[in-house]
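Remarks on the structure that follows.
Side chains are part of it too, since the values below use all heavy atoms of this structure and drop only hydrogens, waters and symmetry mates. Every chain is numbered from 1 and lettered A, B, ... according to where its sequence line falls, protein lines coming before strand lines. Predicted model, so just to flag it, every value in this text is computed and none were measured.
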Amino acid sequence: MNSEPSTLSTAYRTHTCGALRPEQIGAHVALAGWVQNWRDHGGVVFVDLRDRHGLTQVVFNPEIAPDSHRLAHTVRSEFVLRIEGEVIPRPEGTVNPSLPTGEIEVSVNRAEILNAAKTPPFMVDELGEVAENLRLQYRYLDLRRQPMQQTLIFRHRLTTLVRAFLDQWGFLDLETPMLTKSTPEGARDYLVPSRTHPGHFFALPQSPQLFKQLFMVAGFDRYFQITRCFRDEDLRADRQPEFTQIDMEMSFVEPEDIYRLIEEMMAGIFKKLMDIELPRPFARLTYTEAMDRCGLDAPDIRFDLPLVDLGGVFADTEFKVFRGVLDTGGIIKGLNLKGGARLSRKEIDDLLEVVKVYGARGLAWIKVSAEGWQSPIVKFFSDDESRALGERMGAVPGDLLLFVADKAAIANEALGRLRVHLAKMTGLIDEEAFSFCWVTDFPLLEYDAGERRHVAIHHPFTAPRDEDVALLESDPGDVRAKAYDLVLNGIEVGGGSIRIHRREVQEKMFSLLNIGDEEAREKFGFLLDALEYGAPPHGGIAFGLDRLVMLLQRLDSIRDVIAFPKTQKATCLLTGAPSTVQARQLRDLGIKPA
RNA sequence: GGGGGCGUAGUUAAGUUGGUUAUAACGCCGGCCUGUCACGCCGGAGGCCGCGAGUUCGAGUCUCGUCGCUCCCGCCA
């Protein structure tokens, strides 16, 4: 019998275009869909009728239905067609094994063009590359194409699974406002003018952070929401001004509770959607370990190419460049690219360009061979230094040693990015692999030299680790946070923290961030007040849904997992947004035209 | 704000040191064709070479500017 749910049948159709099988042979059916292709043999006409469920070949035979056959000659690509007819087996030798419906076809008795279609600006049925601006302008046609359909259906299945999972774990899907209050810190807000309060503005949420904390104060205990967030910053291949978070928050938890929940959730997603067994528990690195070994707070642990600190080796060096860096508080780190000695001078110069992007001024190198070391800098090293260096880096003939000496932030990022670059370049990465890790114990604060104050690394509501609370007064930069990121293949897919649930700690935090009492009261008074009415210990995490789907589908652009994305200049090529508005609208808002 | 890449029929691309009428494939239009499914065969139309200046006897090609798309840095608690 038909395995397709009868809920898919409507006044127009009995089945979808992917449903029919030999079991339905003899049945009188009705199909509706788009003309994928037609093959007019003068006599018999074949039409491939497509909807999102599949493709069915329908046959117009002049001897069976002359009127329909005449109509079939006028059919063109992407016409919307409804047909009625009989499911028949395909004649001997004409079965199409590459189609799920390939054993049958529908012999048409009646046909109706529900809507004609202009010739599309690009071919909907072919998978070839089309300029992205054209795809975005005619997004409704682009979305009709197979890859986009597949991705958005995958996205739906993922969110459906997440909702079911979180429901099972006792989470409540609760909504938070889209029109809310602009707050200091963080990204630039998208602002919405208030008509009823001229000169006042709402902000679109950068995340539901404070509201979900208030849900915890309210005793809802476990909250989640799959919701839009807005940040008015410049775009990247993996960044859109509006994006979707899987946002969650729990009461009475420590980080271990979050890890357990999320590993279970991810394992379920991978198993059910991709039939992949994720190894558990996920790897864990502290922030410090991640920076030491990988130079980045989002380490890619699919391959082993550790950064090595060489401060000890060169502690007493007289090599001016290294000496200067060490004396001004910088670091010297290196990595050993096994087999890298075969790289040409040109290829090494190209590596310099890679690190320059991140601010490194130089990239020192040593080619290790049986005859000795080839390098522009070894002549400045003492014998002891060279020996210690070779030992520390495990250098053997054939290796290429690469170094950056700079401020810690620059040296780490430059080498960290170089590490990934080299791994991709030399095929060290298993492109099939999905490798998760937790990065834990982030610093709570970071000193911003430009603003001459501390800024929150995660956000101002993140709790310090209990044993570090005392350091808040003496060494705020050394305080570790109860904050964690989930990293997949070197890309942050989620992050969260245990929150501050006591008013005095939150006030202390604001003061460390140089947010005065008055400003704190004005911007965050409602939160401070709430913390005084029995706020439970709580914490949570949020995932970038778009980025997650992008990674799981092995896509390179976040735009390919969003139905209607913005261009890099944050415009919508489909609608033409943003646009000017009528003077009247501005007047109502008390805004003077620019 | 800064750096890089791209822009040629509807689409995807080719286009030599600057040199006749700017090519091809797919698509589109017309005709033929009763078992195709990348249908086939015959014929045809289709170009502001992103836009604007400049250099030149001559610009798709070189220069400058500009617009659009894109990748990256800054930015993104």
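Figure legend. B/U63 is base-paired to B/A53; pairs are counted as Watson-Crick or G-U wobble with both atom distances under 3.5 Å.
Ring pair A/Y484/A/W438 is perpendicular by interplanar angle, where above 60° counts as perpendicular and below 30° as parallel.
A/P184 comes within 4.0 angstrom of no nucleic acid atom, judged by non-hydrogen atoms across all strands. Residue A/P121 is in sugar-phosphate contact alone, with no base atom involved, counting any heavy-atom pair closer than 4.0 Å across all strands shown. Counting non-hydrogen atoms under 4.0 angstrom, A/L134 reaches the backbone sugars and phosphates but no base.
Under the salt bridge (Lys or Arg N to Asp or Glu O under 4.0 Å) criterion, A/D51 pairs with A/R13, sequence neighbours left out. Residues forming a side-chain hydrogen bond (donor to acceptor under 3.5 Å, both in side chains) with A/R499 (at least two apart in sequence, or on another chain): A/E249, A/H459, A/S497.
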Protein-nucleotides 23-29 of chain B N/O pairs closer than 3.5 Å?
| residue | atom | partner | partner atom | Å |
| --- | --- | --- | --- | --- |
| B/C29 | OP1 | A/R76 | NE | 3.1 |

So which protein N/O to nucleotides 67-69 of chain B N/O distances come out below 3.5 Å?
| residue | atom | partner | partner atom | Å |
| --- | --- | --- | --- | --- |
| B/C69 | OP1 | A/T567 | OG1 | 3.3 |
| B/C69 | OP1 | A/T571 | OG1 | 3.3 |

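The shortest distance between side-chain heavy atoms of A/L472 and A/P464 falls below 4.5 Å.
Among residues at least two apart or in separate chains, there is no salt bridge (charged side-chain N to carboxylate O under 4.0 Å, His left out) pair with a member in residues 115-129 of chain A.
Only A/V357, A/Y358, listed by number, bring a heavy atom of residues 351-361 of chain A to less than 4.0 angstrom from any atom of RNA chain B.
Between the side chain of A/T101 and the backbone N or O of A/L20 there is no donor-acceptor pair closer than 3.5 Å.
The base of B/C37 has none of its N or O atoms less than 3.5 Å from a complementary donor or acceptor on the side chain of A/N37.
B/U11 has no base stacking with the ring of A/F122 when judged by centroids under 5.5 angstrom apart and an interplanar angle below 30°. Ring-base stacking between A/H41 and B/C39 is satisfied, the centre separation being under 5.5 Å and the plane angle under 30°.
Side-chain proximity of A/D40 to the nucleotides B/C75, B/C33, B/U11 is greatest for B/C33. Considering only the side chain of A/E63, B/U34 comes nearest among B/U11, B/U34, B/C76. The A/R239 side chain lies nearest to B/G74 when the options are B/G74, B/U34, B/U12.
For CD of A/E353, the number of neighbouring non-hydrogen atoms (other residues, nucleotides, ligands) closer than 6.0 Å is greater than 12.
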